[in-house]
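First listed ligand is number 1; within each ligand, the first listed atom is number 1. Keep in mind that the numbers below use all heavy atoms, side chains included, and drop hydrogens, waters and symmetry copies. For reference, positions follow the sequence shown, starting with 1.
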Amino acid sequence: MPYKREIFEKAQEILDKRRNQAEAKNTAVMMMFENTEPLYREYKNEMIASVKEAVKAIDMSPDKAAEFVEKQKIRNLAAQQNVKKLLEKHGLPEDYLEVKYFCPLCEDTGVTGTRLCTCHIELLKDLAYEEAGKKSPLKICTFEDFKLSYYSDKAESSYDISPRERMADILEFCRQYAEDFDRRAPSVLMTGQTGLGKTHLSLAIAGKVIEKGYSVLYNSAQNFFRELQNERFGKSGSSAFENMMLECDLLVIDDLGAEFSTSFTVSALYNIVNTRINTGLPTIISTNLNLTEIENQYSNRISSRFIGEYSHLIFEGKDIRQMRKEEE
Ligand SMILES: [Zn+2]
């Protein structure tokens with residue numbers, strides 16, 4: 001996945017820091033051990049000397065060289081053996097004097113062979129999500145501070161359940177969804193008027209899912225499209241943000257339909273919705289539009305994907321924001 005240069009630089013900085021810290025700590029440990037156990041210095045010098053000696057083999061005839069190198073090797077191994085015994089004597093682990101890298105695979109260089117190490121890839125991903133998360137303008141809401149008492153307990157008609165009962169069902173669905181979340185969770189479409197709690201519940205889900213260690217990308221549709229547009233028509237030539245939208249464990253698009261709709265936003269939305277369905281990754285979309293309005297604004301290719309592939313939560317009732325303000 002291509003990332004912005006700053007992300008690479010930041011990752012390199014962290015890798016350097018990890019490596020330097022591990023090596024500095026090792027130097028300190030060796031010095032400490034040398035002070036408590038003077039024999040260690042002797043054995044260490046013996047090891048260094050054997051390596052230095054072995055270099056002299058370059059000027060020897062092949063037969064002699066092999067014999068000489070072998071001798072130095074034995075000398076080196078004997079010293080190593082002695083160090084091992086010293087550690088045993090002090091009740092210290094066998095690897096006590098070795099550098100403890102954050103990632104033993106690449107020894108914190110970020111590279112194994114000719115490829116980026118998995119720790120490096122992980123680091124780039126974390127940094128990219130961190131950066132994307134900073135742009136999310138909304139604070140995280142929780143299930144615990146979602147108040148059902150804001151919703152009327154009077155049904156509109158005798159055939160219907162009250163808004164409060166309906167919301168209790170939706171709240172339970174969302175709580176369960178977050179609880180059971182994995183990469184195969186269903187996608188969810190939340191429709192209904194402004195101020196009925198769609199944003200609150202999608203944020204509550206996002207918060208829980210992040211807590212579980214999944215990568216979550218959350219933002220308003222308007223901000224997502226702006227970011228995609230900058231990337232598409234910018235000079236960087238990167239598609240890192242689009243890839244994150246396609247590959248994150250959970251994508252939450254808030255307030256779809258509030259953005260200025262263009263042929264770019266319509267095709268970008270279709271691409272994201274469709275690709276994530278095809279790769280089986282869950283998406284949560286909230287919108288004030290109903291399905292007919294979605295079809296009119298974005299084409300029926302998209303609305304039919306929603307109907308066929310998304311769980312649909314319909315939020316009904318009166319705007320609760322006024323009540324919340326009065327209470328605060
Ligand atoms: Zn590594």
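If you look at F181 and Y214, their ring centroids are closer than 6.0 Å. Checked against a 6.0 Å centroid threshold, the rings of F225 and F264 do not count as neighbours.
Between F241 and L228, the closest heavy-atom pair is CD2-CD2, 4.1 Å. C119 approaches L15 most closely through the heavy-atom pair SG-CD2, 4.3 Å.
Within the protein, the N, O or S atoms lying under 2.8 Å from the Zn ion (ligand 1) are C103 SG, C106 SG, C117 SG, C119 SG.
Residue-environment remark: CZ (F260) stays at or below the threshold of 12 foreign heavy atoms within 6.0 Å.
In this structure the side chain of D255 never reaches within 4.5 angstrom of the side chain of T199, judged on heavy atoms.
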